[in-house]
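We count residues from 1, following the sequence as given.
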Amino acid sequence: MTALALPLLAACSSNEKKYEQAIADYIQTDKRGVWTDLKFKVISMDATNCTVADSIRILMEDAEEEKREAIATEETSLQYMKKKLENEMGARIRSKVVIDIYERNIAFSEQRLDSLRKIDASEARSYVGLDSDILLAIYVTCKYGIVNPWRNAYQERTETFVLTPDGGKVIGKERMRKNFLPQ
C-alpha cells in the first residue's frame with residue numbers, strides 16, 4: 001500500500017509545485033514583462049479541472065439563462081405595447097397611424113417571442129466531435145501572501161487562476177463560477 005501511495009503523493013506534489021511556480025511568475029511579472037520579487041508564498045491551493053463536458057454544461061446553462069431573460073424582456077415589452085394600444089383604442093380621439101404602429105409592433109414582438117421560444121441551446125457547436133474528457137484548463141484557487149516592496153507591507157489574497165491544461169502557465173485570473181464544479 002505504501003509503495004502505491006508514494007508515487008501518487010509525488011505526482012500531486014509535483015503538480016502543485018508546477019502550479020505554484022506558474023502563479024508566482026504571473027503575480028510577480030507586470031504587463032511590460034518586468035519581474036519584481038514580492039516574496040510570494042502560497043498559503044493554500046485547490047485545483048479543479050475544466051473538461052469539455054464541464055464547458056458544455058456551463059455554456060448550456062448560460063444560453064438557457066440568456067434565453068429566459070430575453071423572453072422575459074420581450075414579454076414585458078409586448079404587455080406594454082398592448083396596454084398602450086388599449087389606451088389608444090379607448091381614447092376619445094383615436095389616431096389610425098398610432099394604432100397601426102402599435103399593431104405592427106405587437107405582431108413583430110409576438111413573432112420574436114415565438115422565435116425565442118424555439119431556440120434550442122442543447123448543442124455546443126464548438127465541441128462537436130471532441131471527447132468530453134479532454135482537459136481544457138485548470139482552475140486553481142490560491143490563497144497567497146506577498147510583500148509590497150514599496151510599502152514593505154505583507155498582504156494576503158485569495159484568487160482563482162486559469163492555467164493551461166499542462167499547468168505550466170497562467171492564462172488569466174478569474175472569479176470561479178458557482179456552477180462550475182461537476183455535479
Shortest non-hydrogen contact between [X] and [Y], atoms and distance:
X	Y	result
S109	E74	OG-OE2, 2.5 Å
L136	T51	CD1-O, 3.8 Å
I138	P165	CD1-O, 3.4 Å
V162	A137	CG1-CB, 3.9 Å
P149	T36	CG-CG2, 4.0 Å
N152	V147	OD1-CG1, 3.6 Å

(message) I'd like to know whether OH of Y154 has more than 12 heavy-atom contacts from other residues, nucleotides or ligands below 6.0 angstrom.
(response) yes
(request) Tell me, yes or no, whether the heavy-atom count around R117 atom CZ, taken from other residues, nucleotides or ligands under 6.0 Å, exceeds 12. (result) yes
(request) Answer whether the closest heavy-atom distance between the side chains of D133 and V52 falls below 4.5 Å. (result) no
(request) Could you check if a side-chain atom of V140 sits within less than 4.5 angstrom of a side-chain atom of D46, using non-hydrogen atoms only? (result) no
(request) Apply the test side chain to side chain donor-acceptor pair (under 3.5 Å) to residues S95 and E88: give CA-CA distance (whole Å), side-chain angles for both, the deciding distance (0.1 Å), then the verdict. (result) CA-CA 7 Å; S95 170; E88 186 63 31; 4.9 Å; no
(request) Can you run down the salt bridge (charged side-chain N to carboxylate O under 4.0 Å, His left out) pairs that involve residues 95-109, sequence neighbours left out, and say none if there aren't any? (result) K96-D100
(message) For the residue pair Y144 / E20, report whether a side-chain donor-acceptor contact shorter than 3.5 Å exists.
(response) no
(message) Less than 3.5 Å apart, any donor N or O on the side chain of T141 or T160 sitting next to an acceptor on the other?
(response) yes
Connected via hydrophobic side-chain network under 4.5 Å: [X] and [Y]:
X	Y	answer
L85	V98	yes
I119	I71	yes
L163	L135	yes
I43	I23	no
L59	I134	yes

(request) Run the salt-bridge test on R68 and E65 with the 4.0 Å N-O cut-off and return the result as yes or no. (result) yes
Rounded distance [0.5 Å steps], [atom1] in [X] versus [atom2] in [Y]:
X	Y	atom1	atom2	value
Y102	N87	OH	CG	8.0 Å
K169	K18	NZ	NZ	14.5 Å
T48	Y139	OG1	OH	10.0 Å
E156	S44	CD	OG	9.0 Å
T158	M45	OG1	CE	12.0 Å

(message) For Y19, give me all partners under side chain to side chain donor-acceptor pair (under 3.5 Å), at least two apart in sequence or on another chain.
(response) none
(request) Using side chain to side chain donor-acceptor pair (under 3.5 Å) as the criterion, list what pairs up with E69, not counting sequence neighbours. (result) none
(request) Could you walk me through whether Q155 and R157 pass side chain to side chain contact (heavy atoms under 4.5 Å, CB included), step by step? (result) CA-CA 7 Å; Q155 301 171 349; R157 294 183 183 169; 3.3 Å; yes
Spell out, as yes or no, whether a donor-acceptor pair under 3.5 Å connects the side chain of [X] to the backbone of [Y].
X	Y	value
S77	T73	no
R94	M89	yes
K143	V42	no
K67	D62	no
Q28	L38	yes
D30	G33	yes

(request) Determine the interplanar angle of the F161 and Y26 rings, folded into 0 to 90°, and report it as parallel if under 30°, tilted if 30 to 60°, perpendicular if over 60°. (result) perpendicular
(message) Between R57 and E61, does the salt bridge (Lys or Arg N to Asp or Glu O under 4.0 Å) criterion hold? Intermediate values first, please.
(response) CA-CA 6 Å; R57 183 176 44 79; E61 288 171 1; 3.8 Å; yes
